[in-house]
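Notes to accompany the following structure.
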Number of protein chains: 2
Amino acid sequence: MDDKRKVNILAGKGCKNTKSREAVINVLEAADTPVSAEEIFVRIIESGFSINISTVYRTLELLESKGLVAKTMMKDGRARFELVRGEHRHHLICTGCMKMVPIDCPIEALERDVGRKTRFDITGHKLELYGICPECKEE
Amino acid sequence: MDDKRKVNILAGKGCKNTKSREAVINVLEAADTPVSAEEIFVRIIESGFSINISTVYRTLELLESKGLVAKTMMKDGRARFELVRGEHRHHLICTGCMKMVPIDCPIEALERDVGRKTRFDITGHKLELYGICPECKEE
DNA sequence: GTAGATGCAAATTTTTTGCATTTAG
DNA sequence: CTAAATGCAAAAAATTTGCATCTAC
């Protein structure tokens with residue numbers, strides 16, 4: 001079980017294994033695109049659990065600090081969160097409705113090159129394409 | 001003069017040519033990496049001009065809606081703005097201090113491919129690498 | 001003269017924090 | 001039992017908005 005694994009990673013890092021954290025991780029596991037803190041909160045409440053929005057934020061912050069979750073800021077001013085899985089993901093984002101579609105990453109090679117030129121230690125990258133999705137096109 | 005051109009584009013779209021807008025455009029012209037609304041505001045004030053922060057936001061919103069400015073959200077929760085120039089720019093961003101270094105774009109070809117697969121109308125993309133800059137490495 | 005732009009203050013929205021209380025290990 | 005986690009309410013920070021006033025055209 002993947003969520004079990006995540007919880008164990010937390011335990012291994014001196015973090016307690018609570019129902020709230022399990023609930024947040026479950027939502028992240030079930031989501032196939034990045035979700036906002038509010039969305040996570042609502043999905044947990046809808047599943048019959050009780051949780052506070054600040055617990056959601058604190059859990060996400062913890063998971064990000066442990067490298068288990070990636071945070072991205074969107075143009076609408078809200079952050080989105082996604083589990084860091086084996087291979088990372090990039091997204092095609094509809095500028096009409098913010099819907100996200102996963103796409104493959106084409107730019108592993110570039111990192112080494114840029115790192116050499118700029119003397120940065122490259123730790124990651126983000127690639128996003130923007131466009132109008134078929135549904136928004138019809139409107 | 002480039003800023004003159006921008007102002008004229010505004011005029012051509014039924015927008016008035018004011019000192020505030022000129023000041024915002026001047027700051028954007030002078031910046032070689034994306035800047036926050038607050039930074040724009042401060043630079044205008046420091047240059048001896050008087051302007052209100054909401055005028056800065058309104059001007060940026062206007063410029064973005066006319067396609068003259070690109071807005072990007074950063075992980076620190078603040079948006080950054082940059083003039084849309086002939087060729088677009090991508091950035092290498094230090095996760096320590098948020099410093100940005102321009103890099104070339106390697107992914108024009110990808111857009112067509114993704115567009116065909118997803119039936120989105122691709123309107124643009126964003127590529128960012130993250131890392132630790134030489135200065136932050138020393139600390 | 002008039003539509004559009006600005007300043008100001010207040011409202012919104014998202015995220016963070018302090019502190020008293022609860023709970024996992 | 002104790003450090004860590006949570007809930008709640010309040011604070012912060014970025015951005016937006018309503019409205020009276022001002023200004024470019």
Side-chain angles (χ1 to χ4, degrees), chain A residues 3-4 6-27 34-45 48-66 68-81 98, chain B residues 3-4 6-27 34-45 48-66 68-81 98:
Chain A
D3 56 329
K4 198 86 174 199
K6 299 285 178 190
V7 166
N8 285 342
I9 290 172
L10 281 185
K13 303 202 183 195
C15 303
K16 289 183 178 170
N17 180 357
T18 70
K19 292 207 191 263
S20 299
R21 286 171 181 175
E22 195 186 334
V24 170
I25 290 170
N26 282 344
V27 171
V35 281
S36 69
E38 175 77 16
E39 282 166 340
I40 293 170
F41 173 73
V42 168
R43 290 182 197 180
I44 292 172
I45 295 293
F49 252 70
S50 171
I51 194 172
N52 190 279
I53 187 75
S54 43
T55 300
V56 174
Y57 276 109
R58 283 193 273 230
T59 299
L60 291 169
E61 187 184 27
L62 174 73
L63 293 171
E64 194 197 7
S65 77
K66 301 298 180 191
L68 305 179
V69 154
K71 173 182 177 179
T72 312
M73 288 298 286
M74 300 289 291
K75 268 190 162 181
D76 65 6
R78 262 175 285 160
R80 306 297 150 95
F81 304 85
M98 295 284 145
Chain B
D3 56 331
K4 198 85 174 199
K6 299 285 177 190
V7 166
N8 284 342
I9 290 173
L10 281 186
K13 303 202 181 193
C15 304
K16 288 182 179 170
N17 181 357
T18 70
K19 292 204 191 264
S20 299
R21 285 170 183 177
E22 195 186 334
V24 171
I25 290 170
N26 282 345
V27 171
V35 282
S36 69
E38 176 77 15
E39 283 167 339
I40 294 170
F41 172 73
V42 168
R43 290 183 197 180
I44 292 172
I45 295 293
F49 252 72
S50 172
I51 194 172
N52 189 279
I53 187 76
S54 43
T55 300
V56 173
Y57 277 110
R58 282 192 274 230
T59 300
L60 290 170
E61 187 184 27
L62 175 72
L63 292 171
E64 195 197 7
S65 76
K66 301 299 181 193
L68 306 178
V69 155
K71 173 183 179 179
T72 312
M73 287 301 284
M74 300 288 291
K75 267 191 164 182
D76 65 5
R78 262 175 284 160
R80 305 298 149 94
F81 303 85
M98 294 286 144

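Letters A, B, ... are given to chains in the order of the sequence lines, protein chains preceding strands, and every chain is numbered from 1. Remember, predicted model here, so these are calculated numbers, not experimental data.
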Rounded to whole angstroms, how far apart are CE on A:Met73 and P on C:dT16?
9 Å

Would you kindly give the NZ-to-C1' distance between B:Lys16 and C:dG4, to the nearest whole Å?
4 Å

In whole angstrom, give the distance that lies between atom NZ of A:Lys75 and atom P of D:dT15.
13 Å

Contact nearer the 5' end of DNA chain C, comparing B:Ser54 with A:Ala79:
B:Ser54

Using every non-hydrogen atom in the two residues, find where A:Ala23 and A:Phe49 come nearest and quote the distance to one decimal.
CB-CD2, 4.4 Å

Whole angstrom is fine here: how far is it from CD1 in A:Ile53 over to P in D:dC8?
13 Å

Among C:dT15, D:dT16, C:dG7, the one nearest any side-chain atom of A:Ala37 is C:dT15

Write down the distance between CG (B:Asp76) and P (C:dT15), rounded to a whole number of angstrom.
13 Å

Rounded to the Å, how far apart are A:Asn52 CG and D:dT6 P?
10 Å

Sequence neighbours excluded - salt bridge (Lys or Arg N to Asp or Glu O under 4.0 Å) pairs with any residue from residues 68-78 of chain A:
A:Lys75-B:Glu64, A:Asp76-A:Arg78, A:Asp76-A:Arg80

Does C:dT15 have OP1 or OP2 sitting under 4.0 Å from an N or O in the side chain of A:Arg78?
no

Among D:dT6, C:dG25, C:dG7, the nucleotide that comes nearest once only the side chain of A:Thr59 is considered:
D:dT6

Axial bend angle, the helix from C:dG1-D:dC25 to C:dG25-D:dC1: five-pair end segments, nearest 10°
40°

Rounding to a whole Å, what distance do you find between A:Glu38:CD and C:dT15:P?
9 Å

Among C:dT6, D:dT6, C:dT14, the nucleotide that comes nearest once only the side chain of B:Thr18 is considered
C:dT6

What is the distance, to the nearest angstrom, from the CD atom on A:Glu61 to the P atom on D:dA4?
15 Å

Which heavy atom in B:Met73 sits nearest to a heavy atom in A:Gly77, and how many Å separate them?
CE-CA, 3.7 Å

Identified side chain to side chain contact (heavy atoms under 4.5 Å, CB included) partner of B:Val24 from the options B:Leu62, B:Val69, B:Leu60:
B:Leu60

